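Structure below; questions to follow.
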Amino acid sequence: MDPMAAIRAYTAAQGAGQPTAAGGAAAPGFDEMLRGFMGDAVQASRAAEGQMAAHVNGQADLVSVVTAIASAEASLETVVAVRDQVIQAYQEIMRMPI
């Protein structure tokens, strides 16, 4: 992509106001995305706990328990990776000369 085209696109987007999602509503901010990721991770963890309890009571099979645990683990790893990147970006900003 041409660098000038990218600059023009950025300038046009800034002049248009708040970026919007496909439905016309305002696009979520970074903090809202993080809250969503955290909520998904907590929900996956609770689902895994529920599946484990159901398995102990004989109401769920082992495959569903393992699937729920794997989903919770993947969600947690995603949250940890995002956290690590945010910390790394913060540290890099702090090292910048003023």
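Every value quoted in this text rests on a predicted model; they were computed, and no experiment measured them.
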**Prompt:** What residue pairs, at least two apart or across chains, pass side chain to side chain donor-acceptor pair (under 3.5 Å) with a residue in residues 81-98?
**Reply:**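 Passing the test, one end in residues 81-98: no pairs.
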
Just distance, no hydrogens or angles: give the donor-acceptor pairs under 3.5 Å from side chains in residues 69-78, sequence neighbours left out.
| from | atom 1 | to | atom 2 | distance (Å) |
| --- | --- | --- | --- | --- |
| Ser75 | OG | Ser71 | O | 3.1 |
| Thr78 | OG1 | Ala74 | O | 2.9 |

**Asked** Are Met38 and Arg35 close enough, and set up right, to give a side chain to side chain contact (heavy atoms under 4.5 Å, CB included), and what steps lead you there?
**Response** CA-CA 5 Å; Met38 290 297 296; Arg35 282 191 196 111; 5.8 Å; no

Identify every side-chain donor-acceptor pair in residues 41-62 under 3.5 Å, counting partners at least two apart or on other chains, and give the distances.
| from | atom 1 | to | atom 2 | distance (Å) |
| --- | --- | --- | --- | --- |
| Gln51 | OE1 | Ser64 | OG | 3.1 |
| His55 | ND1 | Ala60 | O | 3.0 |
| Asn57 | ND2 | Ala53 | O | 3.3 |
| Asp61 | OD1 | Ser64 | N | 3.4 |
| Asp61 | OD1 | Ser64 | OG | 2.8 |

**Message:** Check for me, please, whether Met33 and Val82 land in the same ILVMFWY cluster - side-chain distances under 4.5 Å, paths through other members count.
**Reply:**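 Same cluster.
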
